[in-house]
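Written out below as structure tokens is the structure these notes cover.
Note that the structure is predicted; figures quoted are calculated from it, not measured.
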Amino acid sequence: AQATKVLKQLGFLALGVHAGGEQHTNNDEEASVEGMELVPSSEAAPRQSYVLLVSGTMNPPHRGHVRIGLSAARALKEQGHQVKACLFVPVHDNYMWNKVTSKGDDTPFYPVAQRLAMLESLIRGEGSDECECHALDYESSARALLEESPGYWAKALPGGYLRTVPTAGLIGHLTANFPQLQEPGTRLGLVFGIDNLAGMATWNRPGSLLAKADLVLLGRATPEVKLAKDPAELLAALSTFEISAKVPVSFNGTTLFGGKLGRFKNAGATGESMLSLLPPLEQVLETLSSTMIRECLSACFKALAARGIDAFSAVRLFVGVGDVPEVLRRVEQAVNAHNSPHTAALGGLAIDPAAVGKLPEAFATQANEDLDKLKGEVTGCLDTLAQHGYLPSAVGVLFQGAAESKLALEHASAKGRERGEFVC
């Protein structure tokens, strides 16, 4: 109960998997940079207790986010580690407002309350006994952690931005307050995809960030990760490298690690954290993305708009449905109700059934073909959403959130200004 109470006050931006794999020792050393000198180690890896954190913008979340956490828990337990909890934490609304606004396009803005509700539903849908899982919102109770961002958001949004929670402050808050992280031997797992490593090289004071945490990198289907900035300070904080997946990580044309499997000690380390490079998830989960969901919703809205159905009318087609056939019946009814014998035309509009018999056969045939095409487009969208964990009975919240996005974005801005968190 105490853990659950504190969980509601805490969070972290991360993406997490710790997977197993056969370990091999290679006698060849990897290349090094200042603060890093990897040498093979035959020492047994220490067994840890972990609190995993799975997060990101999750705009919107999908089953891949949940499966990453559950797979992490399973793999850790198979390796002999203990997983006390898995935390799913979407970034707060201030960060999302900054990100969506800086892009300057029509990217939907899903408020954190919506994203949390979706996450909770996805967690229930996946179902697992691997560990206790929590979807958390730290924004409402950790506002004291908000800071200005002169080095990033001030440059990205010169007209003004909302204060955000820096990674370092949040890690410190979590490790100092979450009950299970006060227990001896329990480590915080900062878990990312290997493709995020380039961004981590830009962290401020990585040594302090990793003082009480291990870094776990999930392999991706990529031949190599190239770092644009010298990662010496980040890598110096890592004393142990557990490599169970080959994904070479390089800087200035030199492979630093990831080219060979095994366990390595960093002779030049100034910190005590561990980095684990782990195998990727199965391919079907690798392809899932929030971007794909947003693109799917956009395409569906456009297809319906071409038939005269506006966004808010389109939302009603997907709210409270039970299956795909029910959605398609609603779509057909909406298209036919929108059109009449006086307004029916080609170019994307279906025809009122009462008028079909009065039209030339070729005209009626083309109208029916257009309706079939629309049904195919809607079915394809629903199939994509189902792959991401949203069955027809659950897609309404996705369409509604996308349709109300501009209002939600304005509300987030107004609330931030009201709380004095807008910086200009």
Okay, side chain of [X], backbone of [Y]: is any donor-acceptor separation there less than 3.5 Å?
X: Asn196; Y: Phe192; value: no
X: Arg220; Y: Asp195; value: no
X: Tyr390; Y: Leu382; value: no
X: Arg307; Y: Leu371; value: no

[X] and [Y]: which non-hydrogen atoms are nearest, and at how many Å?
X: Cys296; Y: Cys381; answer: SG-SG, 2.7 Å
X: Met96; Y: Val91; answer: CG-CG2, 3.7 Å
X: Pro60; Y: Leu398; answer: CG-CD2, 3.7 Å
X: Ser273; Y: Ala211; answer: OG-N, 4.4 Å
X: Phe318; Y: Arg330; answer: N-NH1, 4.2 Å

From [X] atom [atom1] to [Y] atom [atom2], the distance as rounded to the nearest 0.5 Å:
X: Thr384; Y: Met292; atom1: OG1; atom2: CE; result: 7.0 Å
X: Leu190; Y: Leu209; atom1: CG; atom2: CG; result: 7.5 Å
X: Leu162; Y: Thr101; atom1: CG; atom2: OG1; result: 7.5 Å
X: Ile68; Y: Leu52; atom1: CD1; atom2: CG; result: 11.5 Å
X: Leu317; Y: Gln333; atom1: CG; atom2: CD; result: 9.5 Å
X: Glu132; Y: Gln180; atom1: CD; atom2: CD; result: 5.0 Å

Can you tell me if CD on Glu272 sees more than 12 non-hydrogen neighbours from other groups inside 6.0 Å?
-> no

Flag yes if more than 12 heavy atoms outside Lys84 fall under 6.0 Å of its NZ atom; otherwise flag no.
->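 Atom NZ in Lys84 is crowded, with more than 12 foreign heavy atoms closer than 6.0 Å.
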
Check this for me, if you would: do [X] and [Y] make a salt bridge, where the nitrogen-to-carboxylate-oxygen distance has to be below 4.0 angstrom?
X: Arg115; Y: Asp93; answer: yes
X: Arg74; Y: Glu130; answer: yes
X: Glu286; Y: Arg67; answer: no
X: Arg329; Y: Glu332; answer: no

Among side-chain atoms of [X] and [Y], is any donor-acceptor pair under 3.5 angstrom?
X: Arg417; Y: Ser413; value: yes
X: Thr107; Y: Asp105; value: yes
X: Gln48; Y: Asp214; value: no
X: Glu147; Y: Thr164; value: no
X: Glu242; Y: Ser276; value: no

State which residues pass ring-ring contact (aromatic ring centres under 6.0 Å, His included) with Phe301; sequence neighbours excluded, sorted by chain then number.
->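 Phe399.
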
When the ring centroid of Trp97 is compared with that of Tyr161, is the distance short of 6.0 Å?
-> no

Pair His65 and Phe88, ring centroids less than 6.0 Å apart | no

For side chain to side chain contact (heavy atoms under 4.5 Å, CB included), just list the numbers for Leu238 and Phe241, CA-CA rounded to whole Å, side-chain angles, deciding distance to a tenth of an Å, and then say yes or no.
-> CA-CA 7 Å; Leu238 302 164; Phe241 287 69; 3.9 Å; yes

Taking Ser49 as the fixed residue, which of Leu76, Leu181, Thr186, Val83 is the one that meets the side-chain contact (heavy atoms from CB on, under 4.5 Å) rule?
->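 Answer to the side-chain contact (heavy atoms from CB on, under 4.5 Å) test with Ser49 among Leu76, Leu181, Thr186, Val83: Thr186.
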
Sole residue of Gln387, Glu126, His388 in side-chain hydrogen bond (donor to acceptor under 3.5 Å, both in side chains) with Arg63 |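 By the side-chain hydrogen bond (donor to acceptor under 3.5 Å, both in side chains) criterion, Arg63 pairs with just one of Gln387, Glu126, His388: Glu126.
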
